[in-house]
There are 2 protein chains.
Amino acid sequence: MKPARDKIPTPTVRRLSLYLREIESLLAQNRLTVSSKQLGDRLSLTDAQVRKDLAYFGQFGHPGIGYRVPELVEELRKILGTDRPWNGCIVGAGNIGRALLPYNRFQRKGFHIVAIFDGDPKVVGTDVEGHKVRPMSDLPGLVAERDIKLAIIAVPAESAQSVADQLIDAGVVGILNFAPVRLDVHDKVSVGDVDLSVALEQLAFQASLGVTGSLDDRE
Amino acid sequence: MKPARDKIPTPTVRRLSLYLREIESLLAQNRLTVSSKQLGDRLSLTDAQVRKDLAYFGQFGHPGIGYRVPELVEELRKILGTDRPWNGCIVGAGNIGRALLPYNRFQRKGFHIVAIFDGDPKVVGTDVEGHKVRPMSDLPGLVAERDIKLAIIAVPAESAQSVADQLIDAGVVGILNFAPVRLDVHDKVSVGDVDLSVALEQLAFQASLGVTGSLDDRE
DNA sequence: CGTTGTGAAATGATTCACAGCT
DNA sequence: AGCTGTGAATCATTTCACAACG
C-alpha cells in the first residue's frame with residue numbers, strides 16, 4: 001500500500017490534472033513511455049518539477065526509460081480519484097447550467113450528471129437535454145437516492161450560499177461554484193470557484209501591462 | 001504618476017480581482033471604509049496579506065481608518081484595466097459559446113462581446129441571442145473593425161490551437177481558453193485556461209482524501 | 001486608539017545537481 | 001547512455017511585528 005500522504009503542495013495538485021490530460025493524449029496515440037523532460041516540455045515545466053510532483057505519490061518512474069504511459073495514466077487516475085465514477089448534479093437551469101448538462105467531456109472523464117435543479121417554479125418541470133428540471137425540494141431525496149457526491153452551482157450570487165448549505169446538508173462533498181461569491185463551507189466539503197468575470201479581468205490586467213507572455217502557471 | 005511596477009507576485013494578481021469583487025459589494029451597500037482585517041476575513045486571508053498586496057500598487061490606505069471603499073474600487077479598476085471597456089468575441093457557437101453570449105455579468109464589468117464566430121457552415125448565419133454567427137473568414141476584418149482585444153475560445157480541443165493562431169494574427173491580446181489543451185502563444189498574448197473537467201477532477205481529488213476544507217487558495 | 005506600510009523572519013515551492021538504477 | 005528520485009540550495013510568498021500616522 002501507499003504510505004505517502006504528507007502534505008502535498010497545492011500547485012502540485014493542480015498540475016496533476018494537467019499531467020493526466022497530457023498523458024491521456026499520449027495514450028490515445030499509443031505512446032508507450034514518456035520522460036519527465038518530454039512531459040515537462042509539453043506543459044512548460046522543468047523536468048525536475050515533473051519528477052518531484054509525481055514522486056510525492058510513489059515511485060512510478062523507470063530509470064533509463066521514463067514513465068510507462070498506460071501505467072502512469074492508471075496511477076494518476078487513482079490519485080485523482082477518477083478511477084471510479086462520480087455522480088453529480090447541477091443547481092441552476094440558466095444559461096450556464098443548461099450548457100454544462102450536455103458537456104460530454106464530463107461523461108468521458110467519469111463524471112455523471114444525474115440531476116438538475118432550479119428554484120424557479122416556471123423552470124421546474126421543463127425538459128433540458130432529456131433531464132426534467134427538479135424543484136429544490138427534491139434535492140435531499142435525489143442526492144441520497146442517486147448517490148450524488150459533487151455539485152455544480154450555477155445560480156445568481158444571491159442564492160449561492162443558500163444552495164450550498166442545502167447541498168452540504170444533503171451530503172454533497174464537493175462543489176464547483178460558478179457564482180461570483182465566496183462560499184462559506186465547513187472543513188469536510190471542498191469548493192472550486194470558476195468566476196468568468198474574474199478570468200476576463202485577469203486577462204485585462206495582463207493586457208494592460210506590456211504583457212508577460214502567458215501566466216507562468218496557467219489553469 | 002505611479003512609479004511602482006517591480007514584479008508583482010502571481011498570487012497577488014489573482015487576489016486583486018477578489019478584492020475588487022468584495023469591495024464592489026461593499027460599495028453597493030454604501031459602506032464607506034473597510035480595514036485590511038475586515039477585507040481579509042471575508043476572503044480567508046490575513047490582514048497583512050491584504051495590505052501587502054495593495055501596497056504593491058501604491059498607498060491607498062489611511063492609518064487609523066482603513067481603506068475608503070469608493071476610492072479603492074476606483075484604484076483597483078484602474079490597476080486591473082477595467083476602468084475602461086474591453087471588446088471581446090467568442091469563437092465556437094456550441095453549448096458553452098452560446099451560454100456565454102448572454103452572460104450579463106460581462107456587460108456589467110465592461111466586457112462587451114461584439115461578435116461570435118464558428119467554423120461550421122451549418123451554424124454560420126444562424127442567430128444566437130441577437131448575434132448572427134460569423135464565419136471564421138470574417139474574423140480578421142471584424143477584430144480590426146470592432147477593436148476586439150479579448151477572445152473566448154469555446155471550440156473542440158483539435159481546433160483550439162488553429163483558432164488561437166488566427167485570433168493572434170488578427171490582433172487579439174488576451175484569450176480565455178475553454179478547450180482542454182495548452183495553447184502555444186507568443187510573449188505578447190496572455191492566456192487564461194478554464195478546463196471544466198480539470199476543475200471537477202480537483203474536487204474528486206479533495207473528496208478522495210479526508211478533505212482539506214476548501215483549497216486554501218481557491219479561484 | 002486603530003490601522004497602515006514595510007523591513008525582517010519564517011514558511012513554502014522550485015530548481016540544481018548528483019548518486020544510483022537499467 | 002538515459003533517466004529517475006531526492007537532498008541541498010535557491011528563489012518566492014506569506015506572516016510577523018512594529019514604527020509611524022490620523
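Letters A, B, ... mirror the listed sequences (proteins, then strands); counts begin at 1. This is a predicted model, so every value here is computed, not measured.
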Separation of atom [atom1] in [X] from atom [atom2] in [N], rounded to whole Å:
X: B:Leu54; N: C:dG5; atom1: CG; atom2: P; result: 8 Å
X: A:Tyr56; N: D:dT4; atom1: OH; atom2: P; result: 17 Å
X: A:Ile65; N: C:dT22; atom1: CD1; atom2: C1'; result: 7 Å
X: A:Lys7; N: C:dT11; atom1: NZ; atom2: P; result: 13 Å
X: B:Asp47; N: C:dT6; atom1: CG; atom2: P; result: 15 Å
X: A:Leu39; N: D:dG2; atom1: CG; atom2: P; result: 19 Å
X: B:Gln59; N: D:dG22; atom1: CD; atom2: P; result: 11 Å
X: A:Glu75; N: D:dT4; atom1: CD; atom2: P; result: 16 Å

Inset, instruction - Inspect the contact between B:Arg77 and B:Glu24 and indicate whether a charged nitrogen and a carboxylate oxygen are less than 4.0 angstrom apart. - result: yes
Legend entry - Salt-bridge contact B:Arg51-B:Asp53 (side-chain N to carboxylate O under 4.0 Å): no
Inset, instruction - Would you classify A:Lys37 as touching base, sugar-phosphate or nothing, given that sugar-phosphate means primed atoms plus P, OP1 and OP2, and contacts are heavy atoms under 4.0 Å? - result: nothing
Inset, instruction - Pick base, sugar-phosphate or nothing for B:Gly64, based on heavy-atom distances below 4.0 Å to the nucleic acid. - result: base
Legend entry - DNA chain D: 5'-proximal contact among A:Ala55 and B:Arg51 (nearest heavy atom): A:Ala55
Residue-phosphate contact under 4.0 Å: [X] side-chain N/O, [N] OP1/OP2:
X: B:Arg15; N: D:dT14; result: yes
X: A:Gln49; N: C:dT14; result: yes
X: B:Tyr67; N: C:dG5; result: yes
X: A:Thr46; N: C:dT15; result: yes
X: A:Ser36; N: D:dC3; result: no

Inset, instruction - Record whether the side chain of B:Lys52 comes under 3.5 Å of the base of D:dT15 through a donor-acceptor pair of N or O atoms. - result: yes
Legend entry - Whichever of A:Thr12 and B:Pro63 has its nearest DNA chain C nucleotide further upstream toward 5': B:Pro63
Inset, instruction - Please confirm whether the backbone N or O of B:Val114 pairs with a side-chain atom of B:Arg146, one donor and one acceptor, at under 3.5 Å? - result: yes
Legend entry - Donor-acceptor contact present, side-chain A:Asp195 to main-chain A:Val198, <3.5 Å: yes
Inset, instruction - Ignoring hydrogens and angles, state whether a donor on the side chain of B:Arg182 or B:Gln161 is under 3.5 Å from an acceptor on the partner side chain. - result: no
